[in-house]
Amino acid sequence: MNMFNAINNAMDLALEEDKSALLFGEDVGFGGVFRCSVNLRDKYGSRRVFNTPLCEQGIAGFAIGVANTGATAIAEIQFADYIFPSFDQIVNEAAKYRYRSGGLFDCGSLTFRVPCGAVGHGALYHSQSPEAYFAHTPGLCVVVPRGPIKAKGLILACIRDPNPCIVFEPKTLYRAAVEEVPTEYYTSQLGKADILRHGKDVTLIGWGTQVHVLLEVAETAKLKLNIDCEVIDLVSILPWDTDAICSSAKKTGRVIIAHEAPLTQGFGSELASYIQEKCFLHLEAPVKRVTGWDTPFPHVFEPFYMPDKHRCLSAIHDIVKF
């Protein structure tokens, strides 16, 4: 399966298993702009899979209401760039509902699916990676899959999780990433990073699309520089796997974090701060970040904005020579 097939399969299984589950969003009834929900309305009917108005605040508010009744809500925000109108509903209502009601009510059966990241021609309104905004909010779970196997497992895990969840899906991977995905129901552990390549010289941390860049960079660094890199897919932004990151940082003594979002207050800032605090005596060099720039996401200049393999390889060279 490619990634959109795997996501479709995950939602099919969720709708089949849980008769209370509803799937909705802009154009979802027609299959969605990325085809992730194709054929699901035909299979489960327009009362369970349906289009909403173009109103992200309304989508989020309705989803919270559905979840509060005990039903399962799977809500799609068509592009991550348009999640901001629903920001108040998500961070002030969904995330805090259990706390403010003393445990009487919650939005645990609520999952937002959100296509995110660069796509090659999206420009400023269709390319953003806003995961760091939500990582500041206790009560949410935030995850980013790197491919089909992880996407299916994370979506099904989020649907079952007792907290409201956001799955940021890198849209450029919908068709680019292809894997042999189990067809049965399975979940991936939330809050757990994946070590995709073991190494002893430098730790490379990324999530989503950036993981594939780092794997290529690690191979190049080994062949051309004889530098042995460990590559970690963080997978889960909130909560994140502090144990895996710190263990790797203490082993290699050098850490590079790469993400598409801008440098300032990107989630790499939190990782760098935590590593500095917990692993300081083990570090051989300051933690480096290779990220997007502190500008709106450009159109024709996208290749210069992205933390590509050339910038990441240069960072490896610099951190080893520090």
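Worth knowing before you read on, the calculation uses all heavy atoms, side chains too, and leaves out hydrogens, waters and symmetry mates.
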Indicate the atoms forming the closest heavy-atom contact of [X] with [Y], along with that distance.
X: Asn68; Y: Asp106; answer: OD1-O, 2.9 Å
X: Leu283; Y: Val287; answer: CD1-CG2, 4.2 Å
X: Gly268; Y: Ile257; answer: O-CD1, 3.6 Å
X: Gly208; Y: Val144; answer: CA-CG1, 3.7 Å
X: Ser37; Y: Asn8; answer: C-ND2, 3.6 Å
X: Ile64; Y: Cys107; answer: CG2-SG, 3.6 Å

Taking C-beta and beyond as the side chain, do [X] and [Y] meet within less than 4.5 Å on heavy atoms?
X: Thr137; Y: Val142; answer: no
X: Pro164; Y: Cys141; answer: no
X: Pro145; Y: Pro170; answer: yes
X: Lys222; Y: Asp228; answer: yes
X: Trp207; Y: Leu214; answer: no
X: Leu223; Y: Glu219; answer: yes
X: Val202; Y: Thr252; answer: no
X: Arg146; Y: Asp194; answer: yes

(message) Parallel, tilted or perpendicular: which one describes the rings of Tyr174 and Phe34, with boundaries at 30° and 60°?
(response)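 Rings of Tyr174 and Phe34: tilted, as their planes differ by 30° to 60°.
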- Query: Taking the inter-plane angle between the rings of Phe134 and Phe168 on a 0 to 90° scale, is it parallel (under 30°), tilted (30 to 60°) or perpendicular (over 60°)?
  - Reply: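 Judged by the thresholds at 30° and 60°, the geometry between Phe134 and Phe168 is tilted.
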Are there more than 12 heavy atoms of other residues, nucleotides or ligands under 6.0 Å from atom [atom1] of [X]?
X: Tyr125; atom1: OH; value: no
X: Glu180; atom1: CD; value: no
X: Lys192; atom1: NZ; value: no
X: Tyr185; atom1: OH; value: yes
X: Lys19; atom1: NZ; value: yes

Start with the C-alpha gap between Leu154 and Leu190, add the side-chain angles, then the distance that decides, and say whether side-chain contact (heavy atoms from CB on, under 4.5 Å) holds. CA-CA 7 Å; Leu154 288 173; Leu190 302 180; 3.9 Å; yes
When you measure from the side chain of [X] to the backbone of [Y], do you find a donor-acceptor pair of N or O atoms at a distance under 3.5 Å?
X: Lys288; Y: Arg254; value: no
X: Tyr44; Y: Asp12; value: yes
X: Tyr133; Y: Phe84; value: no
X: Asp241; Y: Ser236; value: no
X: Arg289; Y: Ala272; value: no
X: Ser247; Y: Ala244; value: no
X: Thr72; Y: Ala21; value: no
X: Lys96; Y: Val91; value: yes
X: Lys152; Y: Pro182; value: yes
X: Ser269; Y: Gly266; value: yes

Listed pairs under 3.5 Å, donor-acceptor, residues 73-80 side chains, sequence neighbours left out:
residue: Glu76; atom: OE1; partner: Arg113; partner atom: NH1; Å: 2.9
residue: Gln78; atom: NE2; partner: Glu26; partner atom: O; Å: 3.1
residue: Gln78; atom: NE2; partner: Asp27; partner atom: OD2; Å: 3.1

Under a 4.5 Å side-chain heavy-atom rule over Ile, Leu, Val, Met, Phe, Trp and Tyr, are [X] and [Y] clustered together?
X: Val255; Y: Phe267; value: yes
X: Phe24; Y: Val49; value: no
X: Phe297; Y: Val213; value: no
X: Ile7; Y: Val167; value: yes
X: Val231; Y: Ile256; value: yes

Nearest 0.5 angstrom please: [X] [atom1] to [Y] [atom2], how far?
X: Ile90; Y: Phe112; atom1: CD1; atom2: CZ; result: 4.0 Å
X: Asn163; Y: Thr111; atom1: CG; atom2: OG1; result: 10.5 Å
X: Asp81; Y: Gln128; atom1: CG; atom2: CD; result: 4.5 Å
X: Cys246; Y: Glu277; atom1: SG; atom2: CD; result: 9.0 Å
X: Ser86; Y: Gln89; atom1: OG; atom2: CD; result: 8.0 Å
X: Ile245; Y: Ile195; atom1: CD1; atom2: CD1; result: 8.0 Å

Discussion item. Please tell me whether Glu230 and Ser248 have a donor and an acceptor in their side chains that are separated by less than 3.5 angstrom.
Written reply: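 Yes, Ser248 and Glu230 have a side-chain donor paired with an acceptor closer than 3.5 Å.
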message = Tell me if the centroids of the rings in Trp240 and Tyr274 come within less than 6.0 Å of each other.
response =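 Yes: the rings meet the under 6.0 Å criterion.
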Taking 4.0 angstrom as the limit, do Glu17 and Arg160 come out as a salt bridge?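 A salt bridge is present here (some side-chain N lies under 4.0 Å from a carboxylate O).
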task = For the pair Asp233 and Lys150, find out whether any cationic side-chain nitrogen is under 4.0 Å from an anionic carboxylate oxygen.
result =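 So Asp233 does not pair with Lys150 through a salt bridge.
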Notebook entry, point to check: Which residues pass the side chain to side chain contact (heavy atoms under 4.5 Å, CB included) test with His299, sequence neighbours left out?
Noted result: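 His299: side chain to side chain contact (heavy atoms under 4.5 Å, CB included) contacts with His121, Ala123.
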*Arg41 and Phe30: CA distance, side-chain angles, deciding distance, side-chain contact (heavy atoms from CB on, under 4.5 Å) verdict*: CA-CA 8 Å; Arg41 183 173 65 176; Phe30 305 121; 3.6 Å; yes
With a cut-off of 3.5 Å and sequence neighbours excluded, list every side-chain donor-acceptor pair involving residues 304-322.
residue: Tyr305; atom: OH; partner: Trp293; partner atom: O; Å: 3.2
residue: Asp308; atom: OD1; partner: His310; partner atom: N; Å: 3.3
residue: Asp308; atom: OD1; partner: Arg311; partner atom: N; Å: 3.0
residue: Lys309; atom: NZ; partner: Glu216; partner atom: OE2; Å: 3.1
residue: Arg311; atom: NH1; partner: Thr291; partner atom: O; Å: 3.1
residue: Arg311; atom: NH1; partner: Tyr305; partner atom: O; Å: 3.1
residue: Arg311; atom: NH1; partner: Met306; partner atom: O; Å: 2.9
residue: Arg311; atom: NH2; partner: Thr291; partner atom: O; Å: 2.6

**Trace of the side-chain contact (heavy atoms from CB on, under 4.5 Å) decision for Lys250 with Lys278** = CA-CA 9 Å; Lys250 289 175 181 178; Lys278 301 296 184 182; 5.7 Å; no
Report task. Decide yes or no on side-chain contact (heavy atoms from CB on, under 4.5 Å) for Glu169 and Ile155, but give the supporting numbers first. Result -> CA-CA 10 Å; Glu169 301 166 3; Ile155 286 174; 3.7 Å; yes
